[in-house]
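As structure tokens, the structure follows; a few thoughts come after it.
First the proteins, then the strands, lettered A, B, ... as listed; each starts at 1.
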Number of protein chains: 2
Amino acid sequence: LVLCSFLQMGWGDLGAFGEPSKETPNLDQMASEGMLFMDFYTANPLCSPSRAALLTGRLPVRNGFYTTNGHARNAYTPQDIVGGIPDSELLLPELLKKAGYVNKIIGKWHLGHRPQFHPLKHGFDEWFGSPNCHFGPYDNKAVPNIPVYRDWEMIGRYYEDFKIDLKTGEANLTQIYLQEALDFISRQQASQQPFFLYWAIDATHAPVYASKHFLGSSQRGLYGDAVREIDDSIGKILKHLQKLGISENTFVFFTSDNGAALISAPKQGGSNGRFLCGKQTTFEGGMREPAIAWWPGHIPAGGVSHQLGNVMDLFTTSLSLAGLQPPSDRQIDGIDLLPAILQGKLIDRPIFYYRGNEMMAVRVGLYKAHYWTWSNSWEEYSKGIDFCPGQNVSGVTTHTQEEHTTLPLLFHLGRDPGEKYPLSFASEEYQGVMERISAVVQQHKETMVPGVPQLNVCDKAVMNWSPPGCEKLGKCLQPPESNPKKCFWPH
Amino acid sequence: LVLCSFLQMGWGDLGAFGEPSKETPNLDQMASEGMLFMDFYTANPLCSPSRAALLTGRLPVRNGFYTTNGHARNAYTPQDIVGGIPDSELLLPELLKKAGYVNKIIGKWHLGHRPQFHPLKHGFDEWFGSPNCHFGPYDNKAVPNIPVYRDWEMIGRYYEDFKIDLKTGEANLTQIYLQEALDFISRQQASQQPFFLYWAIDATHAPVYASKHFLGSSQRGLYGDAVREIDDSIGKILKHLQKLGISENTFVFFTSDNGAALISAPKQGGSNGRFLCGKQTTFEGGMREPAIAWWPGHIPAGGVSHQLGNVMDLFTTSLSLAGLQPPSDRQIDGIDLLPAILQGKLIDRPIFYYRGNEMMAVRVGLYKAHYWTWSNSWEEYSKGIDFCPGQNVSGVTTHTQEEHTTLPLLFHLGRDPGEKYPLSFASEEYQGVMERISAVVQQHKETMVPGVPQLNVCDKAVMNWSPPGCEKLGKCLQPPESNPKKCFWPH
């Protein structure tokens, strides 16, 4: 089992999904040998909650990856976050262990960096990567650089030991992450043990980077160079599986954790194709993701599925592949996609679009109803922070939080995937569809039990000052006094 | 030789180009067996000039398909147009005749409907279709319905004899046009004569239509139904060529005459993917087109070309395929694409974006410079006429005609195909690129000899009142008194 989850690569970044530069031959080939999902979603328009949802099969509002510090605010796990993945949550690797799987995460964890949240305490057997985003370089006085871990201990820090040239964008990190993946796969094949590899690299997150060989290789600038390197790496992983003779025993899924960060585009951010807005928003550009399933000999080549899917489904689907049942003592939002993948079935299920603990929108069939709309505040917008650059849909991409709960804005995503033409409230179509959607929403809200919010409290003292292993490296830093505060989440 | 040119199907309407419903399996297969052009353009954001350019290999400003009634105005051939394709222009079928080709046009001609402009007077041997757009139904007092011709004579009129149910969108016309194509191909194969088929159907132009079998077959509504029927028809034409054993002797090219008409979207109009605006504009959404070349045994399967192409190239390329040279007594804008198609070469050439006789923009390499910007007037916009719905790029999608000739707006279409992030005037990149582009523009303007504008004069007396053949059908109508006027072109 290989899950490749990328940082904010958008729906429109792959040739197979219409990127006009067509620079992803390996991913396009993966699609032509496997199955493309055209209606696949993340569980949140931001990275940490999306990854928590993938690994728990549950909406962030259930697993605690949300904030109540403001209404409908996005939150994640910066260095000063106090919370993380609760022990009470059951993660995919914990469950796969029962079926004898060896589990490895390569890349960005992002489910909390304090000791109790360490991935090896939550089911992973191996880790190579970082707990947070690779912002920086910091000065190590106010903010330390992000550590890179091998298993339990840090082996260095971003920028200090793992170089990224912010001027040229050169960094060798994707190559290192690729080599880690190939080595892990070889070892597991040699030991004949089933494995789960979660390849969660970060080259396409600003500040984006690529290795020397890929710099300047794209028509799309540095972001495109990073995409080309990832594309090349995926090609090498798939070929490695084929060469080892285990491709027919290995289910590989490629997707992204949120839509392209248009705020970083075009030099540091990707594309959401024709979808509205980007990361941070509950419009399609924030949550519709590229998605490809690959499993030669099992998945019919060249398939296209219109099954509504979600990263949470990878939890349930992976368990199903391992012959395991999902936990029955809690609500699981992910569904088993195997009937859709192997038999072309279409399972009727809604998609919920959350921001914090507010259900902003819901998709049922081809229709999407917005109960709340917001891009970001006028205050932020006036400072140049724009999640919808060049896209302004009156009354839709609002800069105040607009409530539409009594009369939701309704779109038909088949004829209007860009969410530009709201249906007339007076139309028969509106009336009939909203009746159906209202029932789905009512049922969802009645049975919703939110988890304890993990993303409310921040404290500079909990930053990555002295991760385990820092003594050996002489890289321990002195934390400031503890001073827990409400985290500030502007959008 | 088969050229399939469709009415305002947009770049984003094909699965192979990223349409999220992926409902064009035949065109996608055509692409996978042939070559996709990612950077292919029409010569004008409107139908008549674009078709005149395709058939003459020359910019509309040279062949006369433009107006000088207002600055930078789009113009076409409505029923009351007095002009049409001048006799002095040499059309592709006229030239192909010299190599023994039999030429047929099926569908919309749109190069003038008065007797001297008849396609059979300009090189075609056969015609089945209409001279103008299928607007209507009219009352036949102020405006007659559009006739449908077989060769020299009309055989009926749209709506009267060739039904389109405006309520359900049902019409059998695409099926009729398909049958005409299959029959023509069979006849040519039987007689062993080389042929040129120009299949220029109109189902995707508002009011869009589809036959019963395709109604409701799409996730995209009626427009999608029409696309599915066209896709199915293309599949049948290609299979027919294969069945007859002539696919390796037949070059087939698929493209569109202008970008999707977003003003008709989402129910009656298509998608331009992530490109800016639509038909009528010189932004990418108005002029970048889907394009596929297919020629089994010659074109490598699954190719993707970044050659800058233009519908005018189909003129020169077709001549090249027939072993003919383009005329040497006039400026030809189209280039021979065979080196790009067969040997993967990249030919450096600019793309010019015109509106009327004004060069609005130019593309050189990956850069596009706007010398003038305009979507439409505030007056029209305030009435709800919007060529860029849900897209508003400040200072770019302007509602006044903005001149930028001294400091053009520059975009990098590789990292910013949506034309949302103009380059800083102060940047080195801007300075260096504009130096190169300025030279190209200067050379273009210095050698430009505009043709006599054909789209300036309108007269209700010249409408399709009594086309040849109307007597036999009892369908002759009485024209009003001649009263030639300047045509009014609002945008």
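Under the 4.5 Å side-chain criterion, counting only non-hydrogen atoms from C-beta, A/Lys22 is in contact with B/Met38. For the pair B/Phe275 and A/Pro20, the minimum side-chain heavy-atom distance is below 4.5 Å.
Scanning all heavy atoms of the two residues, the minimum distance from B/Arg415 to A/Pro266 falls at O-CB, 2.8 Å. Minimum heavy-atom separation, A/Gly414 to B/Ser21: O-OG, 4.1 Å. Taking all atoms of both residues into account, the shortest heavy-atom contact from A/Gly12 to B/Arg274 is O-NH1, 4.4 Å. Nearest heavy atoms, A/Pro389 versus B/Tyr421: CG-OH, 3.1 Å.
Chain A forms the most heavy-atom pairs under 4.5 Å with one residue out of B/Gly15, B/Gly269, B/Gly224, B/Ser271, and that residue is B/Ser271. The most heavy-atom pairs under 4.5 Å with chain A, out of B/Asp416, B/Leu366, B/Val393, B/Val304, come from B/Leu366. Contact count against chain A (heavy-atom pairs under 4.5 Å) is highest for B/His306 among B/Glu19, B/His412, B/Glu419, B/His306. If you tally non-hydrogen atom pairs under 4.5 Å between each of A/Gly270, A/Gly273, A/Ala265 and chain B, the highest count goes to A/Ala265. Chain A forms more heavy-atom pairs under 4.5 Å with one residue of B/Gly18, B/Ser394, B/Gly390 than with any other, namely B/Gly390.
Within the 4.5 angstrom heavy-atom criterion, no atom of B/Glu23 approaches chain A. Looking at A/Leu413, there are no atoms closer than 4.5 Å to chain B (heavy atoms on both sides), in backbone or side chain. Of the atoms belonging to B/Leu222, not a single heavy atom falls under 4.5 Å from chain A.
Atom-to-atom distance recorded for B/Cys388:SG and A/Lys420:NZ is 9.5 Å, nearest 0.5 angstrom.
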